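Everything on this sheet refers to the single structure shown next.
Small disclaimer: the values here were computed from a predicted structure and weren't measured. In the text below, chain A, chain B and the rest are named by the order of the sequence lines, each starting its count at 1.
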Amino acid sequence: MGRRRYPDYVTQIPDKPVPDGLEPKWAERWEAEGTYRFDRERARPEIFSIDTPPPTVSGELHLGHIFSYTHTDAIARYQRMKGLAVFYPIGFDDNGLPTERRVQNYYGVRCDPTLPHDPGFTPPEQPFDPPELVSKRNFIELCERLTLEDEAVFTNLFRTLGLSVDWSINYRTIDQHARQVAQRAFLRNLGRGEAYTAEAPVLWDIDFRTAVAQAELEDREERSALHRIDFHLQDGSPITIETTRPELIVSCVALVAHPDDDRYRSLVGTTAASPLFGVEVPVVTHDLAAPDKGTGIAQICTFGDTTDVVWWRDLDLPTRAALQRDGRLVSEVPEWITTDGGRAAFTELAGKTAKQARRRMVELLAESGDLRGDPEPITHVVKFYEKGDRPLEIVTSRQWYIHNGGRDPALREDLLLRGKEIRWIPDFMRVRYEHWVNGLTGDWLISRQRYLGVPIPVWYAVGADGDTDYDHPIVPSESDLPIDPATSPAPGYEESQRGRPGGFVADPDVMDTWATSSLTPQIAAGWEDDPDLFARVFPMDLRPQAHDIIRTWLFATITRSHFEHDSVPWSNAAISGWIVDPDRKKMSKSKGNVVTPMALLEQYGSDAVRYWAASGRPGADTAFDEAQMKVGRRLVIKVLNASRFALGLGEGAAGDVTEALDRSMLAGLAAVVEEATSAFDGFDYARALDRTESAFWAWCDDYLELVKGRAYGDGPGAGSAHRALRSALSVFLRLLAPLLPFATEEVWSWWQQGSIHRSSWPAAAEFAGLTGDLAVLDAASWVLGEIRKAKSDAKLSMRTPVESVEVRAPDERVAALELARDDLSHAGGVERLEMKIDGESSVGVVLAATA
RNA sequence: GGGCGUUUAGCUCAGUUGGCUAGAGCGCUUCCCUUACAAGGAAGAAGUCGGGGGUUCGAGUCCCUCAACGCCCACCA
């Protein structure tokens, strides 16, 4: 690295450096100079590749993003300074339901795919209720428009934060390339038998009208009520069940008790008639029926909850679905209700929402005398789609799945082994992964009945009889990807044959967004499109992400990589914690405690906010704490001022650190370098910051004060001081550069050429021949502290002269102090310094003012 | 019901293989306009390291147990 001569650079040091305004200045310079551009010519061992999380474009970035992205950036900057070419892409996840929901709320619209495209459409100025219905194409256009706006805001925030991503490696999960990768990977899965389609009960969100996957579930407490309701045995006697879903009695296909339950054993094999509807259902047994729950005998509906699905599957029961995908009961009387009374009763419920039907059903049951007592209010836990507002229902539908080990012990074992191949930071996060894999109950449901997403790239032949052949999907050639089967005809067919007997139909679904984002390494690294790049960066070195999406993003990425590449997607997974408010609650919009990141960056400066973020250990949930940002800002100011001071003293001649105090300081610094390096090697940016920061403050408080007098002068020791100050400053700046990129770059520019972020990480070799005995600075700091204490106790200025100091200490310490005698005397304002060898250490101070 | 994590000064947190007379910052108190820094500096007070047991010469650190909090999972009629 080049260095300018003293007279040139010193003029560039501002008289009063301030931390404000550094962000735009340096963000622009870094971009213009390509400071963080990936060098793809480097060989794999010289590359560090990062599978950066593409933030979901469904609103604003929040503090959690600032927090975890700062961690990754610190690692990236460290690796870059270590000499590696850092592959650090950025993407946006703007595909899927979260984006649709954002668009719906933002513009006040809903997609109605039956509407024709309106070329002159403009969204409502103000969202109103009810929402305006728009065509699918208009809806997608709105998604495109809003995501681009959101992404521009995200980009601005990330640049202001100082992320050292390579902005030229940019992707969006709805762009053509991502679609191509997602479809190609899907077709490969299909070709190898890892993807399949099946008609089965699925968890269904009645508002979004789509199936959802196990990984997207969330439990929520709901107020409900237990109803005791009589079915009727053949002899006319009642048999009471307990249920929270009386409106689903119409879908009842059996009553179930435990095989060992004596109360019901005699009934097994007989039938019971449902109340009101008079539908005869068998009494059956199953191990899952709990004798101690309710009356010990339960109705099995198709389907009220996941237990119903298990019973239905295990006992081979019929399907009597009455709840539609919009959450309402069917409007026609189901054919399995055959009695006139039953038909009349159902008419009362037809077309109602589940909630309305429940209320009416209870009234009807009360009238008929089948309701025993009053419903008992309870609170119970119900499955929700994590982004949904109403409880999930279960409906039967045709969906696409990818194997994930949920129904295949051998695959499960393979995926667990993949988990063991990865280094987890912190290590216990591996347990969460294993726990999730071991708890899977079924394959990964990837199809969604939505609009904004990557289409499932298949068609189905329609027979001459008009029946669709779902068992033999027609697939496109990989060279035709990306493709939309809704607009392109199936290979070998004409568009005119769409939807006709003897023709074809397109699969109507899109893939869930995780089915695309599980391929971020492949998307970013040019899988199949750029084999040279792919070979250089894949498997990647690091996947940084938060712990709440281990079950989704992390797991799915491992699964796809396992199938496609027979390898792990990355060697390290660094899992960040969450930001919680000071009450330890997760911060969320609904609690109204969300702070906008940009306001904080502007108020405290990006380095200060990064300082706060870096104080949270890897994996640890961290409190939002503005006080930490103030401390960070203070550190930034200190760096600027101390640098100005150290650089303003002079340059010194090369290679002449002669004074014991200076060599002692550098020896201490060498140890700090070692600590920070090993911390960063373990991805522990927090420890690296902690060690560096305390060393830096101590350096300012003690060493700078001790060396000041000598450095101001032009005596024989001045050159040593200047040289040591500059060496130390260079090291401190570089140690702090990954964490405080703006301030350190600013100072670097005062006296060095090139970016500090392209300079080399401090190494022990830099100190070769420059270090001395640690004890010298230690001892001098100790005595200086005692002198300060004496002055402070006497409530006197630190400038107060000291008549005499008498130090008593063991001989080694006295010998060390002798080596710093002049510096110490000057720093303390001591006129007479006496030292005596003693077993006990003590410092006697006689202040001039009190003498 | 199972699992994981957390519990150290008023607050936010360090404390790496057991050696701590337990540290830092914020806040608080006192003092200091000192020529790098008053968006600063110096000094100080403040903790039975969640409770209880155990291992050990020695435990904040290891083992057992209990509790609180957070998160994840579970077949939630």
Inset, instruction - Could you list the residues that satisfy ring-ring contact (aromatic ring centres under 6.0 Å, His included) with Phe683(A), not counting sequence neighbours? - result: none
Legend entry - Which nucleotide in A42(B), U12(B), C37(B) has an atom nearest any side-chain atom of Arg788(A): A42(B)
Inset, instruction - Under 4.0 Å between any heavy atoms, over every strand shown, what does Ala790(A) touch: base, sugar-phosphate, or nothing? Just pick one. - result: nothing
Inset, instruction - Using a 4.5 Å cut-off on heavy atoms from C-beta on, say whether the side chain of Leu847(A) contacts that of Val845(A). - result: yes
Inset, instruction - Please measure how far the P atom in C64(B) lies from the corresponding atom in C4(B), and state the result in whole Å. - result: 11 Å
Legend entry - Pairing residues for Glu626(A) by the side-chain contact (heavy atoms from CB on, under 4.5 Å) criterion, not counting sequence neighbours: Leu600(A), Gln603(A), Tyr604(A), Phe624(A)
Inset, instruction - Starting at atom CD of Glu693(A), determine the distance to atom C1' of G25(B), rounded to an integer number of angstrom. - result: 8 Å
Legend entry - Value in whole Å for how far the P atom of G25(B) lies from CE of Met629(A): 20 Å
Inset, instruction - Would you mind classifying the nucleic acid contact of His435(A) as base, sugar-phosphate or nothing, using non-hydrogen atoms under 4.0 angstrom? - result: base
Inset, instruction - Check whether any side-chain nitrogen or oxygen of Arg799(A) sits under 4.0 Å from OP1 or OP2 of G41(B), and answer yes or no. - result: no
Inset, instruction - Could you pull out all residues at least two apart from Ala711(A) that satisfy side-chain contact (heavy atoms from CB on, under 4.5 Å)? - result: Leu649(A), Ala721(A), His722(A), Leu725(A)
Legend entry - Pairing residues for Asp305(A) by the side-chain contact (heavy atoms from CB on, under 4.5 Å) criterion, not counting sequence neighbours: Thr307(A), Asp308(A)
Inset, instruction - Please tell me which of the listed nucleotides, A43(B), C76(B), A38(B), lies nearest to the side chain of Lys16(A)? - result: A38(B)
Inset, instruction - Looking at every strand, decide which applies to Thr244(A) at a 4.0 Å heavy-atom threshold: base, sugar-phosphate, or nothing. - result: sugar-phosphate
Inset, instruction - Taking the side chain as every heavy atom from C-beta outward, state whether Ile239(A) and Leu255(A) have any pair of such atoms under 4.5 Å apart. - result: yes
Inset, instruction - Would you kindly give the NE2-to-C1' distance between His380(A) and C75(B), to the nearest whole Å? - result: 15 Å
Inset, instruction - Please measure how far the P atom in A22(B) lies from the corresponding atom in G60(B), and state the result in whole Å. - result: 9 Å
Inset, instruction - Could you check if a side-chain atom of Gln214(A) sits within less than 4.5 angstrom of a side-chain atom of Thr441(A), using non-hydrogen atoms only? - result: yes
Inset, instruction - Among the candidates G5(B), G41(B), U12(B), find the nucleotide nearest to the side-chain atoms of Ala623(A). - result: U12(B)
Inset, instruction - Assign Cys700(A) to base, sugar-phosphate, or nothing according to its heavy-atom contacts below 4.0 angstrom with the strands shown. - result: base
Legend entry - Derivation of the side-chain contact (heavy atoms from CB on, under 4.5 Å) call for Tyr685(A) and Thr70(A): CA-CA 10 Å; Tyr685(A) 48 83; Thr70(A) 295; over 6 Å; no
Between the protein and nucleotides 26-30 of chain B, which nitrogen or oxygen pairs are less than 3.5 angstrom apart?
{"residue": "C26(B)", "atom": "OP1", "partner": "Arg634(A)", "partner atom": "NH2", "Å": "2.9"}
{"residue": "U30(B)", "atom": "O2'", "partner": "Lys795(A)", "partner atom": "NZ", "Å": "3.1"}

Inset, instruction - Check ring-ring contact (aromatic ring centres under 6.0 Å, His included) between Trp612(A) and all other residues, then give those that pass, not counting sequence neighbours. - result: Phe67(A)
Legend entry - Shortest side-chain distance from Asp625(A), nucleotide among U12(B), C37(B), U34(B): U12(B)
Legend entry - Selection: residues 292-300 of chain A, any non-hydrogen atom under 4.0 Å of RNA chain B: Lys293(A), Ala298(A)
Inset, instruction - Quick one: label Ala289(A) by what it contacts on the DNA or RNA (base, sugar-phosphate, nothing), any heavy atom closer than 4.0 Å. - result: base
Inset, instruction - Can you sort out the partners of Ala620(A) under side-chain contact (heavy atoms from CB on, under 4.5 Å), two or more places apart, ordered by chain and number? - result: Arg617(A)
Legend entry - Whole-Å C1' distance, C57(B) and U16(B): 24 Å
Legend entry - Secondary-structure string, 5' to 3', Watson-Crick or G-U under 3.5 Å, | for another-strand partners, for RNA chain B: (((((((..((((.....[...)))).(((((.......))))).....(((((..]....))))))))))))....
Inset, instruction - Check if the side chain of Arg691(A) and the base of U16(B) share a donor-acceptor pair of N or O atoms closer than 3.5 Å. - result: yes
Inset, instruction - Please report, rounded to the nearest Å, how far the P atom of C72(B) is from the CZ atom of Arg551(A). - result: 7 Å
Inset, instruction - Specify the separation, in whole Å, of atom CG of Asp607(A) and atom C1' of A39(B). - result: 15 Å
Legend entry - Pairs touching residues 628-647 of chain A that satisfy salt bridge (Lys or Arg N to Asp or Glu O under 4.0 Å), sequence neighbours left out: Asp20(A)-Arg633(A)
Inset, instruction - Just call it for Lys638(A): base, sugar-phosphate, or nothing, with non-hydrogen atoms closer than 4.0 Å on any strand. - result: base
Inset, instruction - Have a look at Arg430(A) and say if it touches a base, only the backbone sugar-phosphate, or nothing, with a 4.0 Å heavy-atom cut-off. - result: nothing
Legend entry - Members of residues 302-315 of chain A that approach RNA chain B, where some heavy atom sits under 4.0 Å away: Asp305(A), Thr307(A)
Legend entry - Selection from C75(B), C32(B), C37(B) that lies nearest to any side-chain heavy atom of Lys383(A): C75(B)
Inset, instruction - In whole angstrom, give the distance that lies between atom CZ of Phe428(A) and atom C1' of G5(B). - result: 5 Å
Inset, instruction - Using a 4.5 Å cut-off on heavy atoms from C-beta on, say whether the side chain of Leu729(A) contacts that of Trp751(A). - result: yes
Legend entry - Non-hydrogen side-chain atoms of Arg372(A) and Asp230(A) separated by less than 4.5 Å: yes
Legend entry - Spacing between Leu635(A) atom CG and A24(B) atom C1', to the nearest angstrom: 14 Å
Inset, instruction - Could you tell me the separation between the CG atom of Leu784(A) and the P atom of U34(B), rounded to a whole number of Å? - result: 18 Å
Inset, instruction - Taking Arg710(A) for its side chain and His826(A) for its backbone only, find out whether a donor-acceptor pair lies under 3.5 Å. - result: no
Inset, instruction - Could you work out the separation of C49(B) and G44(B) based on their P atoms and round it to a whole Å? - result: 24 Å
Inset, instruction - List the steps, then state whether ring-ring contact (aromatic ring centres under 6.0 Å, His included) holds for Trp424(A) with Tyr433(A). - result: CA-CA 10 Å; Trp424(A) 298 73; Tyr433(A) 171 79; 5.4 Å; yes
Inset, instruction - Applying ring-ring contact (aromatic ring centres under 6.0 Å, His included), name anything that partners Trp782(A), two or more places apart in sequence or on another chain. - result: none
Legend entry - Integer angstrom distance from the P of A45(B) to that of G23(B): 12 Å
Inset, instruction - Name the nucleic acid region contacted by Asn438(A), choosing base, sugar-phosphate or nothing; use a 4.0 angstrom heavy-atom cut-off, strictly under. - result: nothing
Legend entry - side-chain contact (heavy atoms from CB on, under 4.5 Å) evaluation trace for Glu216(A) with Lys387(A): CA-CA 8 Å; Glu216(A) 298 169 291; Lys387(A) 297 179 171 67; 5.7 Å; no
Inset, instruction - Measure from the side chain of Gln214(A), starting at C-beta and using heavy atoms only, and say which of A43(B), G5(B), A74(B) lies closest. - result: A74(B)
Inset, instruction - Answer with base, sugar-phosphate or nothing: what part of the nucleic acid does Arg633(A) contact at a heavy-atom distance below 4.0 Å? - result: base
Legend entry - Sugar-phosphate only, base, or nothing, as touched by Ile550(A) at under 4.0 Å among non-hydrogen atoms: nothing
Inset, instruction - Please state the P separation for the pair G2(B) and U8(B) - nearest whole angstrom. - result: 26 Å
